[in-house]
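Predicted model, so just to flag it, every value in this text is computed and none were measured. Sequence lines set the chain letters: A, B, ... in the order given, protein chains first and strands last, and positions in each chain run from 1. Keep in mind that the numbers below use all heavy atoms, side chains included, and drop hydrogens, waters and symmetry copies.
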There are 2 protein chains.
Amino acid sequence: MFKAFCDEKRLRILELLRSGEKCACVLIEQLDMPQSSLSYHMKILCESGIVDSRPEGKWIYYTICEKGGGEAMALLKELLTLEAITEESNCCL
Amino acid sequence: MFKAFCDEKRLRILELLRSGEKCACVLIEQLDMPQSSLSYHMKILCESGIVDSRPEGKWIYYTICEKGGGEAMALLKELLTLEAITEESNCCL
DNA sequence: ATATCATATCAAGTATTTTGGATTTGAGGT
DNA sequence: ACCTCAAATCCAAAATACTTGATATGATAT
């Protein structure tokens, strides 16, 4: 899931999506990347749950997914929070 | 910074650190990885600000860094939060 | 049904990251 | 000073991720 945030292009895509729903053509134009490249990154973003896609007519619209974002936040928080049971298993002293 | 969370080994290191400060020898043993490999990952974790290190005697002790963790959380939150000014720049319709 | 257009997939190349043995560095102890 | 041991660095190999043109898929429209 965190892989979604580990690429410059994907961060820029998220940055663009922060201002609202965008269709693929806008992203391709603004990021100046070939269509296959955008598709590759959108797949990673969608599969990680961070972004939602919505087909409408010929195009696909992308938005940041609140649910997926919440899960990422929760996961990160958990990873960084010390466990309550701090049994100091010291060694090497 | 998010690269810190994009490797299985590093996630396992964080998992171990959640139960409190650990010295390198414990991590090497528990994760069954060569010393050079641990050192490589600890460098990434420390440079990203997620983990703090503290030398004591011959050993180095590692802990999850509250400050760095907070920054990561804040950054992630910002990335995933829609901008207030939702000027719907629709196209392609 | 055929043509068209947007997206997905493929494949082959390039770039980046990770691995782990060997060596170096650096602090501690004698 | 010298020895010892832990951590950092080096380096080459392996693994993983990204790029991109070409092709396939799938939906829409005529």
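Of the charged side-chain nitrogens involved, at least one lies within less than 4.0 Å of a carboxylate oxygen, so that A:Glu15 and A:Arg18 count as a salt-bridged pair.
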Between protein and nucleotides 12-30 of chain D, map the contacts as a letter string: B base, S sugar-phosphate only, - none, heavy atoms under 4.0 Å, written 5' to 3'.
-----SBBBBB--------

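A:Leu45 contributes atom CG, which lies 11.5 Å from atom SG of A:Cys65 (distance to the nearest 0.5 angstrom).
One can place CH2 of A:Trp59 at 8 Å from C1' of C:dC5, the figure rounded to the nearest angstrom. Rounded to an integer number of Å, the gap from B:Met42 CE to C:dT17 P is 19 Å. Atom-to-atom, CG of B:Leu27 to C1' of D:dA7 comes out at 13 Å; the value is rounded to the nearest Å. At whole-Å resolution of the value, CD in A:Glu56 and C1' in C:dT7 are 16 Å apart. In this structure, the CG atom of A:Leu45 is 12 Å from the P atom of C:dA8, given to the nearest Å.
For B:Ile60, taking side-chain heavy atoms from C-beta onward, the closest of the listed nucleotides C:dA8, D:dA7, D:dT9 is D:dA7.
Note on A:Tyr40 and A:Tyr62: separate hydrophobic clusters, where clusters join Ile, Leu, Val, Met, Phe, Trp and Tyr whose side-chain heavy atoms are under 4.5 Å apart, directly or indirectly.
The side chain to side chain contact (heavy atoms under 4.5 Å, CB included) test applied to A:Glu71 returns A:Met1, A:Lys67, not counting sequence neighbours.
Looking only at distances, no side-chain donor or acceptor of A:Ser39 sits under 3.5 Å from a matching main-chain atom of A:Gln35. Not one N or O on the side chain of A:Arg54 forms a donor-acceptor pair closer than 3.5 Å with the backbone of A:Tyr61.
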